[in-house]
Amino acid sequence: MKLKNDFILRKIPGMNLVIPAGENIRSYKGALVLNDTAAFIYERLQQGLREDEIAERMTEKYDVTKAKAMEDIARTEALLTEAGLAEQIL
């Protein structure tokens with residue numbers, strides 16, 4: 001999974017928004033709202049962590065199994081890809 005450049009995660013009370021910046025302001029209209037878990041995953045993807053590393057951190061922070069964490073990561077990655085904020089690396 002590779003996040004596209006020029007998107008910024010902004011946390012406002014009660015909301016996590018991924019908004020376009022730079023060149024994306026012209027082409028990407030709107031923002032993507034993420035829940036806290038998806039925002040946690042997005043931040044770790046920005047840091048360049050692999051899915052298994054993110055899952056490990058999720059099990060430390062949240063009361064979830066590694067399998068559940070991997071499901072959440074896959075769901076978030078699919079959402080980011082569908083929204084045009086990320087692309088799968090083959």
Side-chain angles (χ1 to χ4, degrees):
M1 162 74 40
K2 178 176 176 4
L3 294 177
K4 292 186 178 177
N5 293 328
D6 292 332
F7 285 96
I8 301 167
L9 175 63
R10 291 284 182 234
K11 295 184 175 192
I12 17 181
M15 265 205 210
N16 302 297
L17 299 172
V18 179
I19 57 174
E23 292 297 317
N24 286 331
I25 292 174
R26 291 188 196 123
S27 61
Y28 193 90
K29 305 297 181 207
L32 181 65
V33 179
L34 302 177
N35 66 22
D36 290 339
T37 302
F40 180 90
I41 295 166
Y42 185 85
E43 288 176 312
R44 299 321 173 275
L45 288 169
Q46 283 184 312
Q47 295 168 359
L49 272 63
R50 297 183 320 265
E51 286 85 355
D52 62 320
E53 294 171 317
I54 298 169
E56 185 63 35
R57 298 231 168 106
M58 288 176 69
T59 62
E60 294 167 1
K61 181 173 176 71
Y62 303 105
D63 184 24
V64 295
T65 64
K66 189 164 185 176
K68 173 63 174 141
M70 292 300 288
E71 288 175 20
D72 289 344
I73 293 165
R75 200 169 27 254
T76 300
E77 287 180 339
L79 172 72
L80 295 171
T81 301
E82 183 179 320
L85 278 72
E87 52 198 11
Q88 295 293 333
I89 298 174
L90 302 176

Worksheet item: Which heavy atom of A86 sits nearest a heavy atom of M1, and at what distance?
Response: CB-SD, 3.1 Å
Worksheet entry | Taking every non-hydrogen atom, the tightest pair across M70 and A55 | SD-CB, 3.5 Å
Fill in: Distance (rounded to the nearest 0.5 Å) between D63 CG and K68 NZ
12.0 Å
Fill in: 4.5 Å side-chain heavy-atom contact, E43 and K11
yes
Practice prompt. Determine whether L9 and I12 fall in the same hydrophobic cluster, where Ile, Leu, Val, Met, Phe, Trp and Tyr are linked whenever their side-chain heavy atoms lie under 4.5 Å apart.
Written response: no
Worksheet entry | Side-chain heavy-atom pair I73, M58 within 4.5 angstrom cut-off | yes
Worksheet item: What pairs with E51 under side chain to side chain donor-acceptor pair (under 3.5 Å), at least two apart in sequence or on another chain?
Response: none
Do any side-chain atoms of residues 74-83 form donor-acceptor pairs under 3.5 angstrom with protein atoms, and if so which ones, sequence neighbours left out?
from, atom 1, to, atom 2, distance (Å)
R75, NH2, D72, OD1, 2.5
T76, OG1, D72, O, 2.9
T81, OG1, E77, O, 2.9

Worksheet entry | Co-membership, hydrophobic cluster, residues V18 and M15, 4.5 Å side-chain | no
Discussion item. How long is the straight-line distance from CG of L45 back to CG of L85, given to the nearest 0.5 Å?
Written reply: 11.0 Å
Pairs of donor and acceptor atoms involving the side chains of residues 31-40, under 3.5 Å and at least two apart or interchain, shall be tabulated with distances.
from, atom 1, to, atom 2, distance (Å)
N35, OD1, T37, N, 3.1
N35, OD1, A38, N, 2.7
D36, OD1, N16, ND2, 2.9

Fill in: D52 side chain near K66 side chain, heavy-atom distance below 4.5 Å
yes
Worksheet item: What's the spacing between L3 CG and N5 CG if we round to 0.5 Å?
Response: 9.0 Å
Discussion item. Could you report the tightest heavy-atom contact between R26 and E23, atom names first, then the distance?
Written reply: NH1-OE1, 2.9 Å
Discussion item. How close do P20 and G30 get, counting heavy atoms only, and between which atoms?
Written reply: CD-O, 3.3 Å
